[in-house]
2 protein chains.
Amino acid sequence: MPTIYQVAERAGVSLSTVSRVLNGKASVNKVLKERVDKAVKELNYRPNSVARSLANSRTDSIGVLVPELNAPFFGDLMQAVESTLRAADKHVIISVGQNCVETEKDAVEFLISRNCDALIMHAEALSDEYLLELNQSKLPVALVNRQVEGLPEACTSLDNEKGGYLATRHLLELGHKDIAYISGPKDKSDASLRLQGHKRALSEAGLPVDPQLIFNGDYSEEDGKVGLLELMARDIPFTALVCANDWMASGALSCARDLGMSLPQDLSIVGFDDVVFAHHVFPRLTTVSNPIAEMAEMSAKYILNKVYGQANEVQHYFEPSLVVRESTVKHEG
Amino acid sequence: MPTIYQVAERAGVSLSTVSRVLNGKASVNKVLKERVDKAVKELNYRPNSVARSLANSRTDSIGVLVPELNAPFFGDLMQAVESTLRAADKHVIISVGQNCVETEKDAVEFLISRNCDALIMHAEALSDEYLLELNQSKLPVALVNRQVEGLPEACTSLDNEKGGYLATRHLLELGHKDIAYISGPKDKSDASLRLQGHKRALSEAGLPVDPQLIFNGDYSEEDGKVGLLELMARDIPFTALVCANDWMASGALSCARDLGMSLPQDLSIVGFDDVVFAHHVFPRLTTVSNPIAEMAEMSAKYILNKVYGQANEVQHYFEPSLVVRESTVKHEG
DNA sequence: CTGTTAGCGCATTCAT
DNA sequence: ATGAATGCGCTAACAG
């Protein structure tokens with residue numbers, strides 16, 4: 001590995017001149033510049049990024065925290081972040097939080113110890129206070145798909161209430177009146193907002209909100225199944241079901257099929273997120289789109305602005321929209 | 001940010017003593033060690049990993065190349081690599097190759113410029129020659145799910161031929177005799193090996209290999225659909241279909257349903273890889289399991305051995321196995 | 001067992 | 001516009 005020193009020697013100039021042409025910040029005599037370029041080529045010189053980082057205390061690396069690596073939702077997120085950042089010659093160090101406070105803290109510590117220039121996180125378990133504190137520690141932070149009081153510009157978020165509203169509204173328009181709901185964990189704001197939207201749609205239609213038609217799930221596929229069984233056991237009839245995410249919808253879907261129901265005639269089901277397998281399930285899932293890739297891209301651009309002086313436009317709030325497929329059908333009756 | 005120097009000062013020892021207790025390599029007087037530990041705590045000192053890297057020319061980071069970030073198959077791969085490496089306090093820099101030679105080369109260049117200690121790659125487009133050359137450049141390389149002549153110990157791979165054999169064998173045992181096959185790109189060795197296994201199963205059963213019953217796909221969902229339509233257009237009856245991966249199987253599945261066929265009665269379908277959505281599709285997909293997570297883990301352990309002096313056992317060859325679900329059924333007739 | 005010294009490769013003052 | 005000198009924070013001989 002040639003060093004900048006050897007390049008200087010071969011080009012017959014000083015260290016600093018080479019550095020200058022490499023970074024293009026200061027102006028350099030054209031002749032010298034050419035000699036340097038030539039030497040660089042001949043030696044196949046590549047700057048040592050570690051040394052560079054030590055000298056200017058920038059690593060050009062951004063830490064990314066996601067709950068898991070093998071879920072389509074977070075795959076979309078990472079894809080968007082990586083490509084946006086890579087276009088700016090930054091790179092991504094990915095770390096996994098596993099939905100657990102301790103692991104998430106560890107992961108953040110890990111990323112910090114790696115001297116990341118900034119953090120982009122989809123933090124599930126970390127508290128708002130922790131995030132605020134982190135942000136004040138002069139390490140820029142971007143929060144994807146989350147809203148933290150006091151950090152408006154660092155967050156991108158979705159109007160989850162509207163999403164919940166759209167899902168239920170769709171079913172109402174199809175003539176359903178008895179609509180069950182499988183919620184996400186109520187301590188998560190997105191879950192409670194989605195539920196809130198559901199209730200608003202019901203109210204607007206002049207329908208009561210029956211707590212017996214609501215099941216509290218944990219966003220897992222398994223809980224889609226458990227939830228459906230539990231709801232049916234309560235013996236209050238319903239012709240449609242909203243699930244707070246696609247995983248639970250998928251669980252409910254296959255459970256319903258296993259129960260011998262014919263879908264969507266016997267039960268209309270709506271999901272949330274529009275993850276990639278939403279059109280793999282049968283019947284293809286009607287769901288609410290979640291523009292996670294765009295939110296992730298905006299987070300990356302926000303960091304690019306904040307840390308590297310770029311000037312991208314960044315959007316912080318996003319609207320969900322309904323994606324109608326085949327798992328919902330008009331209620332005859 | 002406190003430096004090692006300030007820790008030394010506060011503990012009343014020298015720089016090197018601090019370094020020694022931090023790295024635990026050499027032995028240090030117990031009393032001094034305690035003073036150092038105390039100072040570290042009090043100052044909340046965290047070693048600067050960049051400086052450390054510059055001094056010992058190790059970044060403790062491993063470059064990972066995958067074709068895409070938002071596919072379940074590669075999600076499993078990354079998950080396994082990340083957790084294995086993280087347990088050893090190494091970290092992962094992920095880069096995307098997009099199935100394209102140029103992009104893959106760029107990605108590799110990028111990772112090299114980042115001073116990765118090693119590379120773990122699922123390289124799709126890069127040639128064997130390129131990989132051999134890379135490996136000789138003293139940068140250790142591990143190839144996941146690929147076999148390169150001349151680099152036996154760097155590779156983990158699956159017995160794809162056997163996988164193809166198992167898929168077709170299963171259908172034969174169910175009484176099917178007319179079995180169509182949608183292959184992956186024939187320039188990829190896994191695809192051609194899977195097809196080869198299919199043919200062997202046919203031959204062993206004394207059945208002819210009809211080229212008219214084979215369609216060349218590109219592993220995409222779309223080609224599952226296109227392939228099925230094309231095969232049906234050829235007007236040679238078949239009662240079962242093997243697809244060289246789950247994506248194509250999924251495409252074929254939903255295409256068949258759209259055509260009004262009732263599954264699995266009208267057509268038995270087998271996939272390959274057992275990706276996460278294999279049990280989301282309807283009917284749940286019978287497929288061949290691909291232990292990608294284990295292969296990835298082994299690649300990580302291989303690197304841990306090779307670069308960081310660990311001594312894990314590493315397995316290089318893996319056997320696929322059949323996962324029977326509901327998309328295949330006995331052929332009556 | 002401990003402290004002193006010298007780089008690792010580069011960016012950046014500061015002079016010129 | 002250019003070169004010489006200094007330091008980023010740490011590890012690793014080396015000497016004691």
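Quick caveat: nothing in here was measured; it's all calculated off a predicted structure.
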Problem set entry | 5' priority, DNA chain C, between A26(B) and A51(A) [closest heavy atom] | A26(B)
Seminar exercise, completed: Of the candidates dG3(C), dT2(D), dC1(C), the side chain of S14(B) sits closest to dG3(C)
For this session: Please state how far atom NZ in K25(A) lies from atom C1' in dC10(C), giving the value in whole angstrom units.
Result: 15 Å
Exercise. So which heavy atom on M298(A) is nearest to which on E313(A), and how close?
Worked result: SD-O, 3.9 Å
Exercise. Any donor-acceptor pair under 3.5 Å linking the side chain of S299(A) with the backbone of M295(A)?
Worked result: yes
For this session: Give the rounded distance in Å between these two atoms: CG of L54(B) and P of dG9(D).
Result: 12 Å
Problem set entry | Residue-phosphate contact under 4.0 Å: S57(B) side-chain N/O, dC8(C) OP1/OP2 | no
Exercise. A55(A) side chain: which of dT2(C), dG7(C), dG9(C) is closest?
Worked result: dG9(C)
For this session: Using atom CG of N115(B) as one end and atom C1' of dC10(C) as the other, report the distance to the nearest whole Å.
Result: 12 Å
Exercise. Contact class for V50(B) (heavy atom, under 4.0 Å): base, sugar-phosphate, or nothing?
Worked result: nothing
Exercise. Salt bridge check: are D60(A) and K90(A) linked by an N-O gap of less than 4.0 Å?
Worked result: yes
Exercise. Taking DNA chain C as the partner, which of residues 15-24 of chain B come within under 4.0 angstrom of it by heavy atom?
Worked result: S16(B), T17(B), R20(B)
For this session: Run the salt-bridge test on K33(A) and D37(A) with the 4.0 Å N-O cut-off and return the result as yes or no.
Result: yes
For this session: Ignoring the backbone of R52(B), work out which of dT11(D), dC10(C), dG9(D) is nearest its side chain.
Result: dT11(D)
For this session: Inspect the contact between K105(A) and E109(A) and indicate whether a charged nitrogen and a carboxylate oxygen are less than 4.0 angstrom apart.
Result: no
For this session: Name the nucleic acid region contacted by S53(A), choosing base, sugar-phosphate or nothing; use a 4.0 angstrom heavy-atom cut-off, strictly under.
Result: nothing
Problem set entry | Atom-to-atom span, CZ of R35(B) to C1' of dC1(C) - whole angstrom | 14 Å
For this session: Using atom OH of Y5(A) as one end and atom P of dC8(C) as the other, report the distance to the nearest whole Å.
Result: 11 Å
For this session: State plainly whether the residues D128(A) and R146(A) are in salt-bridge range, i.e. N to O under 4.0 Å.
Result: yes
For this session: Find which nucleotide of DNA chain C each of G12(B) and R46(A) is nearest to by heavy atoms, and output the residue with the more 5' nucleotide.
Result: G12(B)
Problem set entry | Lys/Arg N to Asp/Glu carboxylate O, K188(B) vs E124(B), below 4.0 Å | yes
Exercise. Separation of Q6(A) atom CD from dG9(C) atom P, in whole Å?
Worked result: 8 Å
Problem set entry | Closest nucleotide among dG9(C), dT12(C), dC10(D) to the N56(A) side chain | dT12(C)
For this session: Report the distance from atom CG of D60(A) to atom P of dA11(C), rounded to the nearest whole Å.
Result: 11 Å
Problem set entry | Atom-pair distance (CE on M1(B); P on dC10(D)), nearest Å | 10 Å
For this session: Would you mind telling me which of D273(B), D76(B), D190(B) makes a side-chain hydrogen bond (donor to acceptor under 3.5 Å, both in side chains) with N290(B)?
Result: D273(B)
Exercise. Between dT11(D), dG9(C), dT12(C), which nucleotide gets closest to the side-chain atoms of I4(B)?
Worked result: dT11(D)
